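Worksheet: one structure, shown below.
Bear in mind that the values here come from a model prediction, so they are computed numbers and not experimental data. Per chain, numbering begins at 1; letters A, B, ... match sequence-line order. Excluded from the calculations below are hydrogen atoms, water molecules and symmetry mates; all remaining heavy atoms, backbone and side chain alike, are included.
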Amino acid sequence: MPMEKTFNAAESEARIAAAWDEANAFAAGANAKEGAEPFSVMIPPPNVTGSLHMGHAFNNTLQDILVRWHRMRGFDTLWQPGTDHAGIATQMVVERELARTQQPSRREMGRAAFLEKVWEWKSTSGGNIRRQLKRLGASCDWSREAFTMSGAPGAPEGEDGNFHDAVIKVFVEMYRKGLIYRGKRLVNWDPHFETAISDLEVENIDATGHMWHFRYPLADGETYTYVEKDADGNTVLEEERDYISIATTRPETMLGDGAVAVHPSDERYAPIVGKYCEIPVGPKESRRLIPIITDEYPDPDFGSGAVKITGAHDFNDHAVAERGGIPKYRLMDTGGAMRADGAPYDEAAARAQEIARGAEASAAEIDALNLVPEAYRGLDRFEARARVVADITAEGLAVMVPAWDPRLGKAAQRKASPEEGGIPPEEQLVPLVEEKLITQPFGDRSKVVIEPMLTDQWFVDTTKIVGPALDEVRKGMARPEGSTEGTRILPERDAKVYFHWLENIEPWCISRQLWWGHQIPVWYGPALSSDDPDGGHILYDAEWVPFCAPSWDDAFEQMKAYYRHDEIKWVEDEAEAMQLIEGITTRLRTEGAIRDTHAPVAIPVYRDPDVLDTWFSSGLWPIGTLGWPDDTEELRRYFPTSVLVTGFDIIFFWVARMMMMQLAVVDEKPFHTVYVHALVRDEKGKKMSKSLGNVLDPIEQIDEYGADAVRFTLTAMAAMGRDLKLSTSRIAGYRNFGTKLWNAFRFAEMNDAFVQTDGARAVHVPCTPGATVNKWIMGETAKVREEVDAALNAYRFNDAANALYGFVWGKVCDWYLELSKPLLNSDDPEVVQETRTTLAWVLDQCLILLHPIMPFITEELWGVAGDRGLLCHADWPTYQVSDLVDENADAEMSWVISLIEAVRSVRGEMNVPNGLEVELLQLELDEAGRTALDRNASLIKRLARIETITEADTAPKGAAAIPVKGGTFALPLVGIIDVGAEKARLEKSLQKLTKEIGGLKGRLDNPKFLESAPDDVVEETRELADAKAAEEAKLRAALDRLAEVA
RNA sequence: GGGCGAUUAGCUCAGUGGUAGAGCGCUUCGUUCACAUCGAAGAUGUCAGAAGUUCGAAUCUUCUAUCGCCCA
């Protein structure tokens, strides 16, 4: 049955994918040669809620190329797939789903029930991305698909695995080694999701905002002389003030101010440093006084030069507060509303006043103080801001300026001209609300403004584990070619990014106030009042002491040892534990005894409710997916892995953390090479995003053009380190390339190239052909094979793709297929047989070499062209240029091709009708040319559409001249050609030639060039100059003859 | 503000010191038995600008301009 005219991707891809599946073709170790080296790649786990976008398609295409290439070369290959559990994103998706289907909310159903819902969602919807990756052709070992939450408590059937064990074990070990600690720190708090997030999950966005200026009155009616000087030291303003002017973009945080700071060198405020000022908001009778202190942080040239210090709600202020021992008052609840808990404002403010005056207070007490006045309690932070501004302004404590002040921005009025009536703006005073560009932090998922918040969190002490991660990459960057020592990051630029980040690393906050994730394996019980094992008591206001252990049983053992008995009760949460302790202590107190640990009452303990950052688990991806902490066969075989292919946007999130964690846990780098690729953008260069609506959905593209076209496009554009701008016309172009290849097979099939009587064709070199054309194409094949291997070895994916494109289309289809036609129709059965064999071989090579980039169409054609197993397991060739290139055949074919091109060019420019076969005159010609002409006359005639080739001494008048290497031909086109046009054509060529010769001569006449340039360059230049000069002479001769006619 | 990168044909981009390239688009011609998702031919460049190093610069150095990304 004859082949269809085009490849039907939609129909074939599914069938081929099924065949691969059925053959288990991508299982770890499939097609490995005896004693093969391992080659393993970890997929960057996509988010389980995710669907395939172009970035994934790009990332996975590159991985698949490497993996298929290695598999065909007989490596013991593993491509490990899987997804991560994406704490925030998944919780968000499931909560939204609950709301949509009008089910009880997360909080209503409680933690356990909610997690059940999440698992349910995962099993029905979490497989999306796997199906999509399969559509792309990703040759992962799907039987090993991993998940970062596998094996967690509550995981349903089918979600077993030990990733959870690995995560917990690492946490416990790192905790015991002192690499993980808990502390009350200022963290980025997401008020929407009510969890801490890492600074990498914060997007800083510039937007026009406002800066308010307020007066903080000095305490006790104090005044000072405020002097403002210009750059030359001249006084520009001098006035008596009873206040200090403060600018802020977040007035609601004034309620938690602990001090006002000025720079120590700022003379304007020197007289009042050490004095107190009043926070101008809240009930008048109980306003707080705060000290005026000095710190290096305030910039005297910015605003008034004085800065309010709110240690609990700003990172810079926090540092100042730490340095100056300033209390840090927390103002908001987890949802970003002003606190409504605790004692009435009067009491809290009075206590805060004592503290400001020097009274001792614990961090816990300070945290418990709610300094939000009743009027603002419970308000959303932005609502509170508006109220604070309004109240201060109403009281006349805003800094006032004329209405035309340019700092007011759009709100500023223009100065009135005298003839206009009313109050001129210069006399009208308005509150100074500066309009300016403000950088605000936003949660990258929630898109709400992030609030710096003082909370208890867990941290990895990254400074303690960063060293080896830096060393390994330093080693890798310096290693020689071919070595796998250390870890090499490509391109080099991204190594710089890596170094820069790790050298300035911050502690990593790993706790999240979510439910979906690995719950922190720490239980808290009340601390004993003394270290003395027999004298310890539990006090009413006991601190909590942590017990970190991989399981409750282990924790329980620790608790027994600590409390010296086993009456321990695991309760729901801190509140319940607290209640029980209160009960115990008050009851025992009334009995006249402080409870000791031997009393017959259960000690309440509770588990830390927080979960670990998803990146903490994906940081263990390399070892976790291979079965660690068990000592598995796979771990021994495939770890450390070979290459990590990933986008530059997760160098910090993931790559750096994997480096640190693998080194910290198993003391071994996770991979020897990291290939960092760029971003896929739309055709205008914009980042693809849903909100812009410029996303190209890879699945839609695959539906329309086929997976191979999408893959080839991405590969051809994968120049290292450059963003790719993707357009559908490009994809269509490479779909056409597939069609071209398809039709080459159609041609071969029609010519019986695949009919073999002696069994399956071997992949290795089939014969030693006699025909020059056959020798030549085999040499070209060897060249491209070397090129492809060299390109892939260097991760130059685009070079591999372009080399193959040029070879298949430009060499095989444009020339070899055409040149083979006369041979296939030869009367000599040996020539026919040899050509069929060569043709089949060459096309097979195209399939093999293209397979890693275009797996589907090549697999399909492989099946069409013979019955010999799957192409994805075919042997990758190793023949070399030195084996297959025949210099003479090369030279001969170049000559033939250039002659045919020259004739076609003349015909084209002279508008000789295609159908018209013309006569070709051979004028002078050297020996090599004569031989080449003799041996290939039929080819030349056919491809250049020549009727006869005759020898002549001189060209007739009015013939078009065709200079070739070693001689000249002519096309006698009397009556067909336009003499003027031919003259113009020749003159144009001559002009170009003269310019080139000028350049070449200039170099050759320069003695310094001859002296300094390498010999082969000089030689090349000389040859080229000679050749050009010869051609010039021929063209001149031709022009002369033309002149005779005219 | 700090860092990284880009600027090459109409468009998208390759090109690490030695003859400026590819794909797409464009123009002309073409129903020859693989392919019109095709074939043949053609046009198109101050390699952002300036200075320097070099026998020789798109390529190396410095500066300038414009644009982008990351980090504060």
In this structure, how many angstroms lie between the [atom2] atom of [N] and the [atom1] atom of [X], rounded?
{"X": "A:F747", "N": "B:C33", "atom1": "CZ", "atom2": "P", "answer": "13 Å"}
{"X": "A:E503", "N": "B:C70", "atom1": "CD", "atom2": "P", "answer": "21 Å"}
{"X": "A:L804", "N": "B:A14", "atom1": "CG", "atom2": "P", "answer": "19 Å"}
{"X": "A:Y498", "N": "B:C4", "atom1": "OH", "atom2": "P", "answer": "19 Å"}
{"X": "A:W501", "N": "B:A72", "atom1": "CH2", "atom2": "P", "answer": "11 Å"}
{"X": "A:L824", "N": "B:A34", "atom1": "CG", "atom2": "P", "answer": "10 Å"}
{"X": "A:L839", "N": "B:A34", "atom1": "CG", "atom2": "C1'", "answer": "10 Å"}
{"X": "A:I946", "N": "B:U32", "atom1": "CD1", "atom2": "P", "answer": "19 Å"}

Give one of base, sugar-phosphate or nothing for [X], where a contact means two heavy atoms less than 4.0 Å apart.
{"X": "A:P1007", "value": "nothing"}
{"X": "A:R904", "value": "sugar-phosphate"}
{"X": "A:N802", "value": "nothing"}

Nearest-angstrom distance, [atom1] atom, [N] to [M]:
{"N": "B:U62", "M": "B:U53", "atom1": "C1'", "result": "11 Å"}
{"N": "B:U19", "M": "B:U61", "atom1": "C1'", "result": "26 Å"}
{"N": "B:U46", "M": "B:A58", "atom1": "P", "result": "14 Å"}
{"N": "B:A48", "M": "B:U59", "atom1": "P", "result": "8 Å"}
{"N": "B:C29", "M": "B:U8", "atom1": "C1'", "result": "31 Å"}
{"N": "B:G15", "M": "B:G5", "atom1": "P", "result": "15 Å"}
{"N": "B:U44", "M": "B:A50", "atom1": "C1'", "result": "27 Å"}
{"N": "B:A20", "M": "B:A14", "atom1": "C1'", "result": "12 Å"}

Determine which nucleotide pairs with [N], using a 3.5 Å limit on both distances of a Watson-Crick or G-U wobble pair.
{"N": "B:A6", "answer": "B:U66"}
{"N": "B:U32", "answer": "none"}
{"N": "B:G56", "answer": "none"}

Options [options], nucleotide nearest the side-chain atoms of [X]:
{"X": "A:Y805", "options": "B:C69, B:A34, B:C24", "result": "B:C24"}
{"X": "A:T739", "options": "B:G23, B:A14, B:C35", "result": "B:C35"}
{"X": "A:R493", "options": "B:A34, B:A41, B:C4", "result": "B:C4"}
{"X": "A:S729", "options": "B:C24, B:G42, B:A34", "result": "B:C24"}
{"X": "A:E901", "options": "B:G18, B:G23, B:A41", "result": "B:A41"}
{"X": "A:S905", "options": "B:A41, B:C35, B:U19", "result": "B:A41"}
{"X": "A:N743", "options": "B:G42, B:C35, B:G18", "result": "B:C35"}
{"X": "A:D814", "options": "B:G39, B:G42, B:A34", "result": "B:G39"}

Practice problem: Using a strict cut-off of less than 4.0 Å between a Lys/Arg side-chain nitrogen and an Asp/Glu carboxylate oxygen, indicate whether A:R1003 and A:E1020 qualify as a salt bridge. | Solution: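 No, this pair does not count.
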Quiz prompt | Basic-acidic side-chain contact under 4.0 Å: A:D890, A:K783 | solution =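 Salt bridge: yes.
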If you draw a 6.0 Å radius around [atom1] in [X], do more than 12 non-hydrogen atoms from other residues or ligands fall strictly inside?
{"X": "A:N504", "atom1": "CG", "result": "yes"}
{"X": "A:R1022", "atom1": "CZ", "result": "no"}
{"X": "A:K821", "atom1": "NZ", "result": "yes"}

Counting just side-chain N and O atoms, does [X] come under 4.0 Å of either OP1 or OP2 of [N]?
{"X": "A:R730", "N": "B:G23", "answer": "no"}
{"X": "A:N204", "N": "B:C71", "answer": "no"}
{"X": "A:N736", "N": "B:C38", "answer": "yes"}
{"X": "A:K740", "N": "B:G39", "answer": "yes"}
{"X": "A:T6", "N": "B:C35", "answer": "no"}
{"X": "A:K821", "N": "B:A34", "answer": "yes"}
{"X": "A:R907", "N": "B:G39", "answer": "no"}

Quiz item: Below 6.0 angstrom between ring centroids: does that apply to A:Y705 and A:Y734?
Solution: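 No.
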Exercise. Assert yes or no for the condition that the ring centre distance of A:F745 to A:F754 is strictly below 6.0 Å.
Key: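 For A:F745 and A:F754, the ring centres are under 6.0 Å apart.
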Quiz item: B:C4 base to A:K496 side chain: any donor-acceptor pair below 3.5 Å?
Solution: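 No, the side chain and the base share no sub-3.5 Å donor-acceptor pair.
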Quiz item: Would you say the side chain of A:E818 and the base of B:A34 hold a donor-acceptor pair, judged only by whether the two atoms sit under 3.5 Å apart?
Solution: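 It does, because a donor-acceptor pair links the side chain of A:E818 to the base of B:A34 below 3.5 Å.
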Practice problem: Indicate the ring-plane relationship of A:W615 and A:F653, choosing parallel, tilted or perpendicular according to the 30° and 60° boundaries. | Solution: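 Because their plane-to-plane angle is under 30°, the rings of A:W615 and A:F653 count as parallel.
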Quiz prompt | Toward the 5' end of RNA chain B, by each residue's nearest nucleotide, A:T439 or A:M750 | solution =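 Of the two residues, A:M750 wins.
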Practice problem: Could you say whether A:L1010 or A:F745 is positioned toward the 5' end of RNA chain B, judged by the nucleotide with the nearest heavy atom to each? | Solution: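 The answer here is A:F745.
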